[in-house]
Amino acid sequence: QVQLVESGGGLVQPGGSLRLSCVVSGITFNAYHMYWYRQAPGKEREMVARISWSSTDTKYADSVKDRFTISRDDSKSTVYLQMNNLEPEDTAVYYCAADQGWGTTFWGQGTQVTVSS
């Protein structure tokens with residue numbers, strides 16, 4: 001059974017920081033590319049960040065470049081999203097995902113991030 005479990009969401013003020021975690025089980029973690037997506041009310045799901053299986057390649061949405069950082073710790077089968085200088089527009093449910101570049105994509109259940117004063 002494959003599981004991706006997100007944590008670390010919550011309510012923060014504009015300009016604040018938050019660190020999301022996603023613990024993965026049921027797959028060979030270091031063989032998978034990892035992603036963070038988000039979905040705000042009334043909007044399509046958006047890819048926020050990606051990190052390759054080897055951690056040698058990362059990609060970010062333009063809206064979060066220079067503010068968010070994706071990383072992974074293969075010894076803990078965990079992927080992280082460090083979010084700095086948060087804005088109200090970052091408010092969304094954030095989802096962790098995994099794939100090998102083809103075939104099945106596995107998804108977590110999501111964690112709510114709310115940025116408000």
Side-chain angles (χ1 to χ4, degrees):
Q1 184 179 3
V2 178
Q3 290 192 76
L4 289 72
V5 181
E6 301 98 333
S7 63
L11 174 64
V12 297
Q13 295 184 343
S17 297
L18 207 60
R19 189 195 196 205
L20 305 183
S21 299
C22 174
V23 179
V24 179
S25 61
I27 60 173
T28 303
F29 179 76
N30 62 10
Y32 279 75
H33 309 303
M34 298 299 302
Y35 305 77
W36 286 99
Y37 286 77
R38 68 185 182 187
Q39 188 165 27
K43 296 185 178 181
E44 297 290 329
R45 187 169 295 187
E46 171 192 27
M47 189 185 76
V48 175
R50 175 188 185 271
I51 186 166
S52 65
W53 68 271
S54 62
S55 298
T56 58
D57 183 56
T58 58
K59 184 177 181 180
Y60 298 91
D62 287 342
S63 59
V64 307
K65 283 184 182 296
D66 303 319
R67 298 191 298 120
F68 291 9
T69 302
I70 189 170
S71 61
R72 65 193 295 162
D73 184 342
D74 289 348
S75 70
K76 298 180 179 179
S77 295
T78 300
V79 63
Y80 304 95
L81 186 68
Q82 178 66 47
M83 305 184 293
N84 297 326
N85 195 24
L86 285 161
E87 305 168 353
E89 293 76 17
D90 296 316
T91 296
V93 178
Y94 284 71
Y95 298 91
C96 179
D99 71 30
Q100 297 184 83
W102 57 274
T104 301
T105 300
F106 300 102
W107 294 90
Q109 293 298 113
T111 185
Q112 176 72 48
V113 172
T114 302
V115 185
S116 177
S117 60

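In this text, all values refer to a predicted model and were calculated from it rather than measured experimentally.
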Can a donor-acceptor pair be found, under 3.5 Å and without considering hydrogens, that links the side chain of [X] to the backbone of [Y]?
{"X": "Glu6", "Y": "Gln109", "value": "yes"}
{"X": "Thr78", "Y": "Lys76", "value": "yes"}
{"X": "Thr58", "Y": "Ile51", "value": "no"}
{"X": "Tyr60", "Y": "Ile70", "value": "yes"}
{"X": "Arg72", "Y": "Phe29", "value": "yes"}

Requested in this report: Spell out, yes or no, whether Tyr32 and Val2 are grouped together once hydrophobic residues are joined by side-chain heavy atoms under 4.5 Å, including indirect joins.
Outcome: yes
Report task. Answer yes if Phe106 and Val48 sit in the same cluster of Ile, Leu, Val, Met, Phe, Trp and Tyr residues linked by side chain heavy atoms under 4.5 Å apart, and no otherwise. Result -> yes
Query - NZ (Lys43) with more than 12 external heavy atoms under 6.0 Å - result: no
Report task. Determine whether more than 12 heavy atoms belonging to other residues, nucleotides or ligands lie under 6.0 Å from atom CD of Glu46. Result ->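 More than 12 within 6.0 Å, yes.
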Measure the spacing between [atom1] of [X] and [atom2] of [Y] and express it to the nearest 0.5 Å.
{"X": "Ser21", "Y": "Leu81", "atom1": "OG", "atom2": "CG", "answer": "9.5 Å"}
{"X": "Glu44", "Y": "Tyr37", "atom1": "CD", "atom2": "OH", "answer": "12.5 Å"}
{"X": "Gln3", "Y": "Ser77", "atom1": "CD", "atom2": "OG", "answer": "12.5 Å"}
{"X": "Cys96", "Y": "Leu20", "atom1": "SG", "atom2": "CG", "answer": "9.5 Å"}
{"X": "Thr69", "Y": "Asn84", "atom1": "OG1", "atom2": "CG", "answer": "6.5 Å"}

Report task. Would you check, one step at a time, whether the test side chain to side chain contact (heavy atoms under 4.5 Å, CB included) holds for Tyr94 with Met83? Result -> CA-CA 12 Å; Tyr94 284 71; Met83 305 184 293; 3.9 Å; yes
Using side-chain heavy atoms (C-beta onward) and a distance below 4.5 Å, is [X] in contact with [Y]?
{"X": "Leu11", "Y": "Val115", "answer": "no"}
{"X": "Asp73", "Y": "Tyr80", "answer": "yes"}
{"X": "Asp90", "Y": "Val113", "answer": "no"}
{"X": "Ser116", "Y": "Pro88", "answer": "no"}
{"X": "Met34", "Y": "Leu4", "answer": "yes"}
{"X": "Leu18", "Y": "Gln82", "answer": "no"}

Report task. Is it possible for you to check whether Arg38 lies under 6.0 Å from the centre of the six-membered ring of Tyr95, through NZ or CZ, and within 45° of that ring's axis? Result -> no
Requested in this report: Quickly, which of Asp99, Thr105, Val79 forms a side-chain contact (heavy atoms from CB on, under 4.5 Å) with His33? Name it, please.
Outcome: Asp99
Query raised in the report: Going by atom types alone, do Thr56 and Ser54 pair a side-chain donor with an acceptor below 3.5 Å?
Result: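 Per modelled atom types, Thr56 and Ser54 side chains form a pair under 3.5 Å.
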Query - Electrostatic pair Lys59:Asp57 at N-O distance under 4.0 angstrom - result: no
Query - Ring centroid separation Phe68 to Trp36 under 6.0 Å - result: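 Not under 6.0 Å, so no.
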